[in-house]
Protein chains: 2
Amino acid sequence: MAETKTTGARRGEATREAIEAAAVDLFAERGYHATSMREIASAAKVQPAAIYHWFDSKEKILTRLQDDFMDRLEAAVEEAVAAEATPPGQLAAAVREHVVFHGLHAREAFVTDSEIRALSTRPRNRLIARRDAYQTMFRQMIEAGVKSGDFTISNPAVASYAILLECTGVALWYDPKGALALDEIAAIHVELVLGSLGAAPKVAGRTGARKERR
Amino acid sequence: MAETKTTGARRGEATREAIEAAAVDLFAERGYHATSMREIASAAKVQPAAIYHWFDSKEKILTRLQDDFMDRLEAAVEEAVAAEATPPGQLAAAVREHVVFHGLHAREAFVTDSEIRALSTRPRNRLIARRDAYQTMFRQMIEAGVKSGDFTISNPAVASYAILLECTGVALWYDPKGALALDEIAAIHVELVLGSLGAAPKVAGRTGARKERR
DNA sequence: AAACTTCATGAACGACCGTTAGGTTATTGA
DNA sequence: TCAATAACCTAACGGTCGTTCATGAAGTTT
């Protein structure tokens, strides 16, 4: 037997996913406050009230998207870093994975980044703390590289800001149908980042393929 | 005689400025859509209806802020570039001025950048075109530097994206009460940018003070 | 087959939104 | 002195917002 009868869908968990997918698209395109629950419902093909069966509130949809994105980003980058031994190799792997991940999940990345201020105090502070911890990871890799003599820059904190900004920004302009493939873009950013840190050219991590150890 | 009597202010052009100042603060803090005309009016110490004596609509307040910012940014950077002769010198000057300007006018910069989507089609396309032209200026300086042999990178277009993202992002984290002065931050960014382009260290434009010719 | 749970519906709630109509007051120019 | 104008007010408009309520069909458990 099928699942539809006289009334609408009855889809179970698939509805939750449809709501999330609709929300991330709309939040990314118009912004959180410019998107109404009715628009999300319409895009997910349910009535507005049905959303409240799956989410407590509009804000909960947003925090779910953001938490999921951070979970997966952290896991992906930490795994990439763990496969490398030297500071330049680790940073190169982190940058490469960060860029690829932001290209593959550009909408989620953009929403996570740009809608922090839409959150109320508690979830906002939580997300800021997570983002700060993530940033600290990069700063420590840079500091390790300075200590080991691989990098020569004056201010690791500012460098970490700058690096994450340029790499995160890939989510703003990357076009899957564009001339450059995502791993090319990632490789260029590794090149730019290592160059900006004064790393000796071609030292560690300036690789093409993935999962490679130099 | 003073200017206040029984009823409220009667301030003339000063009211317009109060409205703009209130709007830029609120737009930067909460976002365009999360800010109501009543909140702007309250912060500017007028009644909501008074805003419409100075602005046609809420959107016109936003476009005014964005246009003003772009006007002043372009003027400042173009002047800084005009004082330099070589590609590395020009790019260094542009980066330095861009960073300083984004630090000094962080709220305006943030609103101009992040609220493009809030605009309706026509003003949005206008602003995007201006931003693209600004970006092109940077890309051409990079290409000139590659051609002259001062820079060694594989992709000037991606480099221009990355550079502008990291420099624009200063508006997101710069704190006037922080440990670093704005011209220090600018100098660090010049260092990072020239490094990422593979410029020979200390070549051209790595200066400290302003209005200096090297 | 009866009771319960899950998933969704249609209709409505009060609050707030951007904007406007129309009146009032202070200042200016003839 | 007096009309004209600029600057601002109070009040309200229609519309949309996030959310809730009451209801009920379908599926599951007992």
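Side-chain atoms are counted along with the backbone in the values below, which use heavy atoms only and exclude waters and symmetry mates.
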#### Entry: Length of the CD1-P vector between I51(B) and dT19(C), whole Å
10 Å
## Note on the structure
Applying salt bridge (charged side-chain N to carboxylate O under 4.0 Å, His left out) to E74(A) and not counting sequence neighbours gives R130(A)
### Estimated bend of the helix from dA1(C)-dT30(D) to dA30(C)-dT1(D) (axis per five terminal pairs, rounded to 10 degrees)
0°
### Query
What closest approach, in Å, do V100(B) and A186(B) show between heavy atoms, and which atom pair accounts for it?
CG2-CB, 3.9 Å
### Message
Categorize Q47(B) for me: base, sugar-phosphate, or nothing, with a 4.0 angstrom heavy-atom threshold over every strand shown.
### Response
base
### Message
Distance check needed: dA8(C) C1' versus R16(A) CZ, whole Å only.
### Response
15 Å
### Query
Want to settle it: does A49(A) or H53(A) sit nearer the 5' end of DNA chain C, counting the closest nucleotide to each?
H53(A)
### Task
Using only side-chain N and O atoms of T15(B), determine if any of them is under 4.0 Å from OP1 or OP2 of dC8(D).
yes
### Task
Could you tell me the separation between the CG atom of D56(B) and the C1' atom of dG18(C), rounded to a whole number of Å?
13 Å
### Spacing between Y32(A) atom OH and dC17(D) atom C1', to the nearest angstrom
12 Å
## Note on the structure
Given protein heavy atoms under 4.0 Å, the one-letter contact record of nucleotides 12-17 of chain C, with B base, S sugar-phosphate only and - none, is simply B----B
### Query
For the ring pair F101(A) and F69(A), is the centre-to-centre distance below 6.0 Å?
yes
### Task
Name all pairs fulfilling the side-chain hydrogen bond (donor to acceptor under 3.5 Å, both in side chains) condition that reach into residues 158-181 of chain B, sequence neighbours left out, sorted by first residue then second.
H98(B)-T168(B)
### Query
How far apart are the closest heavy atoms of R117(B) and S114(A), and which atoms are they?
NH2-OG, 4.3 Å
### Query
Counting side-chain heavy atoms from C-beta on, which of dT19(D), dG18(C), dA7(D) comes nearest to Y52(B)?
dG18(C)
### Query
To the nearest Å, how far apart are F55(B) CZ and dT19(C) P?
13 Å
### salt bridge (charged side-chain N to carboxylate O under 4.0 Å, His left out) partners of R131(B), counting only residues at least two apart
none
### Task
To the nearest 0.5 Å, tell me how far D68(B) CG sits from M70(B) CE.
12.0 Å
### Query
Hey, does the side chain of W54(A) come within less than 4.0 Å of dA8(C)'s phosphate (OP1/OP2), counting only N and O?
yes
### Task
Sequence neighbours left out, what passes side-chain hydrogen bond (donor to acceptor under 3.5 Å, both in side chains) with Q47(A)? Give chain and number order.
none
### Query
Separation of E13(B) atom CD from dT27(C) atom C1', in whole Å?
16 Å
### Message
Quick check: closest heavy atoms across P156(B) and R139(B), and the distance to 0.1 Å?
### Response
O-CG, 3.8 Å
